Amino acid sequence: DTAVSQTPKYLVTQMGNDKSIKCEQNLGHDTMYWYKQDSKKFLKIMFSYNNKELIINETVPNRFSPKSPDKAHLNLHINSLELGDSAVYFCASSGDTDTQYFGPGTRLTVL
Amino acid sequence: QKEVEQDPGPLSVPEGAIVSLNCTYSNSAFQYFMWYRQYSRKGPELLMYTYSSGNKEDGRFTAQVDKSSKYISLFIRDSQPSDSATYLCATGFYGGATNKLIFGTGTLLAVQP
């Protein structure tokens, strides 16, 4: 009974392609996030959603578009992938407290 | 200047050693402080959470915050090989839906048996 799950775990694709990453949480949380972790392990927030509404958008390129069909799901679609998009993408969720629970990550490699 | 600076490591210690991991932050308005542990190829998991200056202890782990000098530390006593991981300090503001964590760059710790 995984709390925050992501699919796929690994994604290898060519430059210029479009890809999606899916995230689901079964914790009943209202807020979900996407973070990007670069090769030096620096973890930086990209987006947050609260009850399907976009709350935080940290100057991420327009090629990245989050979508929240319901409060338990937050997907990330990336258009026209670039080499610099290679990273590990983490989904997270939080409820009434400030504690965020992270998923296992999706390792994206753009060739 | 990054909002949170963390000693990058890597750090290698023998089993049983006391480990000290350190971060500094620039914004005195940050309200809470966390330590996350991240095993290789896994997601970060919360280890310690505190919001006031002073020490907070949980088993072999002690989180220390000094708001006057904007300094946060994590001490691990009697370190074990299973403690080998990347440790990330994080901070933020109370904000409900606008809550966002600001992370340090992480310190890779290896505890040698």
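Not measured: the values here are computed from a predicted model. Any value given below was found using the heavy atoms of this structure, including those in side chains, with hydrogens, waters and symmetry copies removed. Lettering of chains follows the sequences in order, A, B, ..., and the numbering in each one begins at 1.
In the hydrophobic clustering of ILVMFWY residues, with side-chain heavy atoms under 4.5 Å counting as a link, Leu46(B) and Phe102(A) come out together. Under the 4.5 Å side-chain contact rule for hydrophobic residues, Tyr71(B) and Trp35(B) do not share a cluster. Taken together through direct or relayed side-chain contacts under 4.5 Å among Ile, Leu, Val, Met, Phe, Trp and Tyr, Leu83(A) and Leu81(A) form part of one hydrophobic cluster. Using a 4.5 Å cut-off between side-chain heavy atoms of Ile, Leu, Val, Met, Phe, Trp and Tyr, with links allowed through other members, Val19(B) and Leu108(B) fall into different hydrophobic clusters. With hydrophobic clusters built from ILVMFWY side chains whose heavy atoms lie under 4.5 angstrom apart, Met15(A) shares a cluster with Ile78(A).
Taking 4.5 Å as the heavy-atom cut-off, the residues of residues 34-44 of chain A that approach chain B are Tyr35(A), Gln37(A), Lys40(A), Lys41(A), Phe42(A), Leu43(A), ordered by number. Near-neighbour residues of residues 49-64 of chain B relative to chain A, defined by a heavy atom under 4.5 Å from a heavy atom of that chain, comprise Tyr49(B).
Counting non-hydrogen atoms of other residues, nucleotides and ligands closer than 6.0 Å to NZ of Lys52(A) gives a total of 12 or fewer. Heavy-atom neighbours of Lys70(B) NZ from other residues, nucleotides or ligands within 6.0 Å: above the threshold of 12. More than 12 heavy atoms of other shown residues, nucleotides or ligands fall within 6.0 angstrom of atom CG in Asp70(A).
Comparing Glu45(B), Lys42(B), Arg41(B) by heavy-atom pairs within less than 4.5 Å of chain A, the highest count is held by Arg41(B). Taking Gly92(B), Pro44(B), Gly104(B), Gly106(B) one by one and counting their heavy-atom pairs under 4.5 Å with chain A, the maximum is reached by Pro44(B). By number of non-hydrogen pairs under 4.5 angstrom with chain B, the leading residue of Lys9(A), Arg107(A), Gln6(A), Glu53(A) is Arg107(A).
Contact annotation for Leu101(B): both backbone and side-chain heavy atoms come within less than 4.5 Å of a heavy atom of chain A. Interface residue Glu58(A): only side-chain heavy atoms are found under 4.5 Å from chain B. Only the side chain of Leu88(B) comes within contact range of chain A, with heavy atoms under 4.5 Å apart. With a 4.5 Å cut-off on non-hydrogen atoms, Tyr10(A) touches chain B through its side chain but not through its backbone. At a 4.5 Å heavy-atom cutoff, the contact between Thr105(B) and chain A is made by backbone and side-chain atoms alike.
Residues Met34(B) and Thr99(A) meet the side-chain proximity criterion, which asks for heavy atoms closer than 4.5 Å.
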